[in-house]
Novice: 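Structure in structure tokens, see below.
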Amino acid sequence: MDSIYLTSGRAARRLGIAKGTLLRAMRRGEITPASRTPGGTFRFRVADVEDYARRLATPVREPCTPEPPPPAEGRYQALVTALAQIVWATSATGEVVDDVPLWRAYTGQSHEAVRGHGWLDAVHPDDRARTLQVWTHAIATGLCYETEHRLRRADGTYRPFLARAAPVRDEAGGLRAWVGVCIDLADRYHSEADASALVETALDAIITINHAGRVVAFNPAAEHIFGYQRGQVLGQELADLIIPPELRAPHRASLARYLATGAGALIGRRVEVSAMRADGSLFPAEIAVTRVPVDGPPLFTGYIRDITERKQMEEALRHQALHDALTGLPNRTLLHDRLAQALGAARRERHPLALLLLDLNCFKEVNDTFGHAAGDRLLQQIAARLQDALQPADTVARC
């Protein structure tokens, strides 16, 4: 064996202590091994053993008023207290030696229960084997540790956590300890689940495209509105799917202009457009487009609503407001509007204008003799014949 190294047994004999005492001191971080053989034997530098011997020989001072921690240590303690996370530390071999108050406060474990690998008892039983495997691999390789597991809160509730740890090394590169943190992921998981549920259950079509105009997300409402299955459209160019042929070139030009200048006609606005279904039929749609805040090439999400029923209702209300409910002929309101337009055009163009008025005399006798239902049918027949005889029909009104 190299003369500058001692095995744990030889180091203990040199110190005049039992081997178990030396290993416990090592776990407490009082002495750090230089290496560990594949068979599990620790090796110590002679200089480290001699330094530890001098410290053992130094008399322990009587208890006195505690000295304030060094500025760096004080800042570290303040940082640990301020973080809304669980900060912990272990020895170089991955065992908890010193107190970990934030861990104990969250899990409700005692200091003795946490020591060594006791902290694993607070990890969900289904996650323990994987967590220990990842932790053991990090200790063996000296690489950073990172895994996700469920951690038991003091009230017995399990919550998802991201656990990370980094090795602490001395000036010579030797491993001294591990410092780690556990980050609660429950809020992130809940927000992501809520957002996903909102997209999947939305009544509006929600479609996301990348900077090349190709579909990367297509929710169930989009499948229903446009008649495509999600698997059919992912990776396809949006312009070829839902945009009418005559509008595809302007759409591509608008996307290219936005990518080049940051100016877009649709971004951040709600507009009405004509959209196309898988069968080629067109329908009126309302669309709002927003840019997704992600790193790298931009993504764009469109929120699209089929407004066919709304347009039909608006047209029905407009027709009811301007036409007689019984005969379907233009009413007095529409007559006055069209007459004003005709008079204005006649004045501008200096041409004559004629107005034909028809009156149905003695119609009261028809109602009195045959009843109002018969009179209504007669009016409807007369209106139909007038509409056939007179073009355009909007020059006739029931006064």
Side-chain angles (χ1 to χ4, degrees), residues 204 225 239 242-254 257 263-277 279-289 303-399:
D204 293 341
I225 291 174
I242 70 171
I243 298 177
E246 66 275 10
L247 300 178
R248 291 172 186 172
H251 165 79
R252 293 186 176 103
S254 177
R257 182 168 57 254
L266 293 181
I267 301 297
R269 297 175 54 204
R270 185 176 293 275
V271 297
E272 292 184 8
V273 298
S274 181
M276 186 177 71
R277 299 185 181 91
D279 60 8
S281 59
L282 303 181
F283 66 95
E286 187 177 69
I287 180 172
V289 180
Y303 302 84
I304 306 169
R305 177 174 300 173
D306 185 347
I307 57 174
T308 301
E309 292 185 2
R310 191 180 81 187
K311 286 295 185 181
Q312 292 173 345
M313 186 176 295
E314 291 175 354
E315 178 59 26
L317 292 174
R318 189 188 70 82
H319 188 272
Q320 291 175 13
L322 300 176
H323 293 79
D324 178 66
L326 178 62
T327 64
L329 293 172
N331 62 13
R332 191 186 305 272
T333 301
L334 186 55
L335 169 65
H336 289 168
D337 177 71
R338 298 299 169 81
L339 184 58
Q341 293 181 29
L343 288 172
R347 293 191 190 98
R348 290 192 303 273
E349 300 174 8
R350 298 181 180 277
H351 63 69
L353 175 67
L355 177 63
L356 175 63
L357 298 175
L358 298 178
D359 188 17
L360 300 179
N361 292 324
C362 303
F363 198 80
K364 183 177 181 302
E365 285 76 0
V366 176
N367 286 333
D368 292 343
T369 303
F370 299 100
H372 286 277
D376 290 346
R377 286 195 297 272
L378 179 59
L379 278 176
Q380 290 171 342
Q381 294 173 4
I382 294 173
R385 293 182 180 182
L386 285 173
Q387 287 177 324
D388 292 338
L390 298 174
Q391 295 297 332
D394 59 11
T395 58
V396 181
R398 179 169 179 250
C399 302

Novice: Holding to salt bridge (charged side-chain N to carboxylate O under 4.0 Å, His left out), I want the full list of residues that pass it with Glu315, two or more places apart in sequence or in another chain.
Specialist: Arg318
Novice: Applying ring pair (Phe, Tyr, Trp, His ring centres under 6.0 Å), name anything that partners His251, two or more places apart in sequence or on another chain.
Specialist: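 For His251 there are no ring pair (Phe, Tyr, Trp, His ring centres under 6.0 Å) partners, ignoring immediate neighbours.
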Novice: For the atom pair CG (Leu282) and CG (Leu247), what is the distance rounded to the nearest 0.5 Å?
Specialist: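 Those atoms lie 9.0 Å apart.
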Novice: If I compare all heavy atoms of Ala275 with all of Pro244, which pair ends up nearest, and what's the gap?
Specialist: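 Looks like CA-CD, 4.3 Å.
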Novice: Restricting to side chain to side chain donor-acceptor pair (under 3.5 Å), what partner residues turn up for Arg252, sequence neighbours left out?
Specialist: Glu237, Asp240
Novice: Suppose we screen for salt bridge (charged side-chain N to carboxylate O under 4.0 Å, His left out). Which residues come up paired with Arg277, at least two apart in sequence or across chains?
Specialist: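 With sequence neighbours excluded, Arg277 shows a salt bridge (charged side-chain N to carboxylate O under 4.0 Å, His left out) to Asp306, given in chain and number order.
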Novice: What's the separation between atom CD1 in Ile304 and atom CD in Glu286, rounded to the nearest 0.5 Å?
Specialist: 11.0 Å
Novice: Got a sec, which pairs hit ring pair (Phe, Tyr, Trp, His ring centres under 6.0 Å) with one end in residues 328-347, sequence neighbours left out?
Specialist: none
Novice: Which residues satisfy the side chain to side chain donor-acceptor pair (under 3.5 Å) test with Glu349, sequence neighbours excluded?
Specialist: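 By the side chain to side chain donor-acceptor pair (under 3.5 Å) rule, Glu349 matches His351.
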Novice: Under the side-chain contact (heavy atoms from CB on, under 4.5 Å) test, which residues partner Pro245, sequence neighbours left out?
Specialist: Arg248, Met276
Novice: Taking only residues two or more places apart in sequence or in another chain, which ones pass side-chain contact (heavy atoms from CB on, under 4.5 Å) with Pro284?
Specialist: Ile307, Thr308, Lys311
Novice: With sequence neighbours left out, write down each residue that passes side-chain contact (heavy atoms from CB on, under 4.5 Å) with Arg350, or none if nothing qualifies.
Specialist: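 Counting only residues at least two positions away or on another chain, Arg350 forms no side-chain contact (heavy atoms from CB on, under 4.5 Å).
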Novice: Identify, with sequence neighbours excluded, every residue that meets side-chain contact (heavy atoms from CB on, under 4.5 Å) alongside Gln341.
Specialist: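 Residues passing side-chain contact (heavy atoms from CB on, under 4.5 Å) with Gln341: Asp337, Arg338.
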Novice: If you round to the nearest 0.5 Å, how far is CG of Leu353 from CZ of Arg347?
Specialist: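 Reported value, rounded in 0.5 Å steps: 9.5 Å.
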Novice: Under the side chain to side chain donor-acceptor pair (under 3.5 Å) rule, collect the residues that match up with Gln312, sequence neighbours excluded.
Specialist: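 With neighbours one apart ignored, the set is empty.
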